[in-house]
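Some notes on the structure that comes next.
Not measured: the values here are computed from a predicted model. Atom set for the values below is all heavy atoms of this structure, side chains included, hydrogens, waters and symmetry mates excluded. Nothing fancy with the numbering, it's 1 onward along the sequence.
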Amino acid sequence: MSHNSNFELICDKGAPIKAWVKGVFFEEQARQQVLNVATLPIIYKWIAVMPDVHMGKGATIGSVIPTVKAIIPAAVGVDLGCGLIASRLNLTAAQLPENLKEIRTAIEKAVPVGRTHHGNARRDQGAWHSIPPMVAAEWKKLEPGFKAIVAKHPAIADSNNVNHLGTLGTGNHFIELCLDENNQVWIMLHSGSRGVGNKIGTYFINLARKDMGRQLSNLPDKDLAYLKEGSQHFDDYVAAVQWAQEYALVNRRIMAQRVVDAIRSVLPIPIEVTEEAVNCHHNYVQQELHYNKQVWITRKGAISARKGELGIIPGSMGASSFIVRGLGNPESFNSCSHGAGRVMSRTQARKTFTVEDQIRDTAGVECRKDAEVVDEHPKAYKPIMSVLDAQNDLVEIVHSLHQLVCVKG
């Protein structure tokens, strides 16, 4: 199969840009951010832009940035290892109760969601106040790595770490119960490395700026400060990010288990996970081999889509989500989009949509329908089918999932 049909080639100054944006909105500010990144001397070959592209901090969300002997911490971001997990259950639509409110309430009891009291750990509803045994056991495995990071960077100690493990957070993070095309029930959830990942990300973004010193003024954006291989902070950053990415995987695994237990507490039937489709990051950096060279690949709002690899591309509340299989397209560095991508900022969405719009456009989904979640209105996102059409040389659809229950922080 030919792999060169779907992207638009953008050559300005610096590295070329291959953008899978046919038929989808590509805002001017996001385009400018990609052009800025392309001017950096550390870019390998080209930048791949995904169809869910939208403006981020320094670098766009929905871009794949390959770099040689350096990493841009702000491109990796502060929600290190953010991503999704999806599992199919041995449940069908017919076995679910007519009213799903009880299931949603059980999930909200089982997993701390949201954030109150400015994240103050003692009073924050989104954190644990007494650590469940399962969380304590998993933290025990993560703790030595955390202590090693803190030994070198004591400021990171003051973070929500164990009390955020197995918690959802806010914003576009969610827990959903979905039905696939065969009326099978799936659970799907979206979260990352929570308070501790944010602390690590922010800390190293600031260090990278300091380390670049006077060179910072040569960059098109100070958020594109990078750490170079061979420097002490580079190795520390890689170790800290890898730890946070592991934390994010474990965080999702714990929540998925607790969601299954919550459903079991409501339904008087044996419930098992029949297929864990995938637990994948979409904000992360790792070393990979591309075109016979080991390079650092930063996927900022993109997932790995190697040939045969399963991934998750969620739509917005009220739209379908998809389990996809990678086609292993080398031009995108074996990557695809991580979702639908926003077409308007949260502030703009709050000004544009009302609670009535939210109620109408999430009809049939058991979810919160109040002023606090209007910024997640389905129309604040690009149409998911257009996003999938734009990357049909990167992935193929395996399952289509439609939400029944959506829990938001």
Side-chain angles (χ1 to χ4, degrees), residues 1-9 15-24 43-53 61-68 76 81-88 180-182 186 188 190 242 245 248-249 252 274-315 320-341 384-401:
M1 165 178 169
S2 158
H3 273 312
N4 60 1
S5 54
N6 250 7
F7 59 81
E8 176 192 325
L9 186 63
I17 294 155
K18 295 185 178 183
W20 276 259
V21 291
K22 289 186 180 166
V24 292
I43 300 299
Y44 175 67
K45 291 202 175 284
W46 56 79
I47 294 167
V49 173
M50 300 296 105
D52 57 346
V53 59
I61 296 154
S63 56
V64 181
I65 305 169
T67 49
V68 179
V76 186
C82 185
L84 288 119
I85 186 171
S87 328
R88 185 167 61 187
D180 70 12
E181 63 287 347
N182 304 315
W186 290 65
M188 177 166 81
H190 173 209
Q242 283 172 342
Q245 289 170 183
L249 281 175
R252 290 193 287 273
T274 57
E275 179 188 344
E276 176 176 293
V278 72
N279 187 355
C280 64
H281 297 319
H282 56 222
N283 276 354
Y284 69 115
V285 62
Q286 67 182 18
Q287 221 171 9
E288 294 179 5
L289 185 69
H290 290 278
Y291 299 98
N292 299 318
K293 191 175 171 73
Q294 282 286 343
V295 293
W296 292 99
I297 295 285
T298 297
R299 290 191 178 90
K300 184 180 182 70
I303 63 171
S304 177
R306 294 190 307 268
K307 191 161 181 57
E309 184 177 24
L310 289 174
I312 310 170
I313 302 180
S320 293
S321 296
F322 298 89
I323 306 291
V324 295
R325 187 183 289 117
L327 298 174
N329 190 332
E331 307 257 16
S332 71
F333 301 100
N334 296 335
S335 309
C336 70
S337 88
H338 82 309
I384 187 73
M385 290 319 297
S386 308
V387 168
L388 282 158
D389 288 345
Q391 56 184 334
N392 61 13
D393 56 340
L394 305 183
V395 284
E396 59 189 5
I397 296 169
V398 182
H399 294 293
S400 304
L401 308 181

Inset, instruction - Drop me the distance from N279's CG to L249's CG, to the nearest 0.5 angstrom. - result: 4.5 Å
Legend entry - Non-hydrogen side-chain atoms of L84 and V278 separated by less than 4.5 Å: no
Legend entry - Any donor-acceptor pair under 3.5 Å from N6 side chain to K22 backbone: no
Inset, instruction - Side-chain contact test, heavy atoms from C-beta onward, threshold under 4.5 Å: evaluate it for Q242 versus Q286 and give yes or no. - result: no
Which pairs of donor and acceptor atoms, one on a side chain in residues 303-314, lie under 3.5 Å apart (sequence neighbours left out)?
{"unit_1": "S304", "atom_1": "OG", "unit_2": "E309", "atom_2": "OE1", "d": "2.7"}
{"unit_1": "E309", "atom_1": "OE1", "unit_2": "R306", "atom_2": "N", "d": "2.9"}

Inset, instruction - Would you check if V53 and I61 make a side-chain contact, meaning some heavy-atom pair closer than 4.5 Å? - result: no
Legend entry - Minimal non-hydrogen separation, L394 against S332, with atom names: CD2-OG, 3.5 Å
Inset, instruction - Might you point out which heavy atoms bring L9 and P16 nearest each other, and give the distance in Å? - result: CD1-CB, 4.2 Å
Legend entry - Heavy-atom side-chain proximity of W186 to I323 below 4.5 angstrom: yes
Inset, instruction - Would you name the heavy atoms of P51 and Q391 that are closest together and state the gap between them? - result: CG-CD, 3.7 Å
Legend entry - Closest approach of H281 to A248 (non-hydrogen atoms, all atoms of both residues): CE1-CB, 4.2 Å
Inset, instruction - Report the residues that fulfil side chain to side chain donor-acceptor pair (under 3.5 Å) with S63, sequence neighbours left out, ordered by chain and then residue number. - result: T60
Inset, instruction - Starting from the C-alpha separation in whole Å, work towards a yes-or-no answer on side chain to side chain contact (heavy atoms under 4.5 Å, CB included) for M50 and V64. - result: CA-CA 8 Å; M50 300 296 105; V64 181; 4.2 Å; yes
Inset, instruction - Taking the side chain as every heavy atom from C-beta outward, state whether F322 and L401 have any pair of such atoms under 4.5 Å apart. - result: no
Legend entry - Gap separating the CD atom of E331 from the NZ atom of K18, nearest 0.5 angstrom: 3.5 Å
Inset, instruction - Measure the shortest side-chain to side-chain distance between C82 and H338 over non-hydrogen atoms and say whether it is less than 4.5 angstrom. - result: no
Output side-chain donor-acceptor pairs under 3.5 Å for residues 291-302, partner residues at least two apart or in another chain, one line each.
{"unit_1": "Y291", "atom_1": "OH", "unit_2": "P330", "atom_2": "O", "d": "3.3"}
{"unit_1": "W296", "atom_1": "NE1", "unit_2": "E229", "atom_2": "OE2", "d": "2.7"}
{"unit_1": "R299", "atom_1": "NE", "unit_2": "S335", "atom_2": "OG", "d": "2.8"}
{"unit_1": "R299", "atom_1": "NH1", "unit_2": "Y284", "atom_2": "OH", "d": "2.8"}
{"unit_1": "R299", "atom_1": "NH1", "unit_2": "E288", "atom_2": "OE2", "d": "2.8"}
{"unit_1": "R299", "atom_1": "NH2", "unit_2": "E288", "atom_2": "OE1", "d": "3.0"}
{"unit_1": "R299", "atom_1": "NH2", "unit_2": "E288", "atom_2": "OE2", "d": "3.4"}
{"unit_1": "R299", "atom_1": "NH2", "unit_2": "F333", "atom_2": "O", "d": "2.9"}
{"unit_1": "R299", "atom_1": "NH2", "unit_2": "S335", "atom_2": "OG", "d": "3.4"}
{"unit_1": "K300", "atom_1": "NZ", "unit_2": "A74", "atom_2": "O", "d": "3.3"}
{"unit_1": "K300", "atom_1": "NZ", "unit_2": "A75", "atom_2": "O", "d": "3.3"}

Legend entry - Close side-chain approach of R325 to V395, heavy-atom, < 4.5 Å: no
Legend entry - Flag for N334-N329: side-chain donor and acceptor within less than 3.5 Å: no
Legend entry - Where M188 and S321 come nearest, the two heavy atoms and their spacing: CE-OG, 3.3 Å
Inset, instruction - Starting at CD1 of I384, measure out to OG of S337 and round the result to the nearest 0.5 Å. - result: 6.0 Å
Inset, instruction - Please examine the side chains of T67 and I65, heavy atoms only from C-beta on, and report whether any two atoms are closer than 4.5 Å. - result: yes
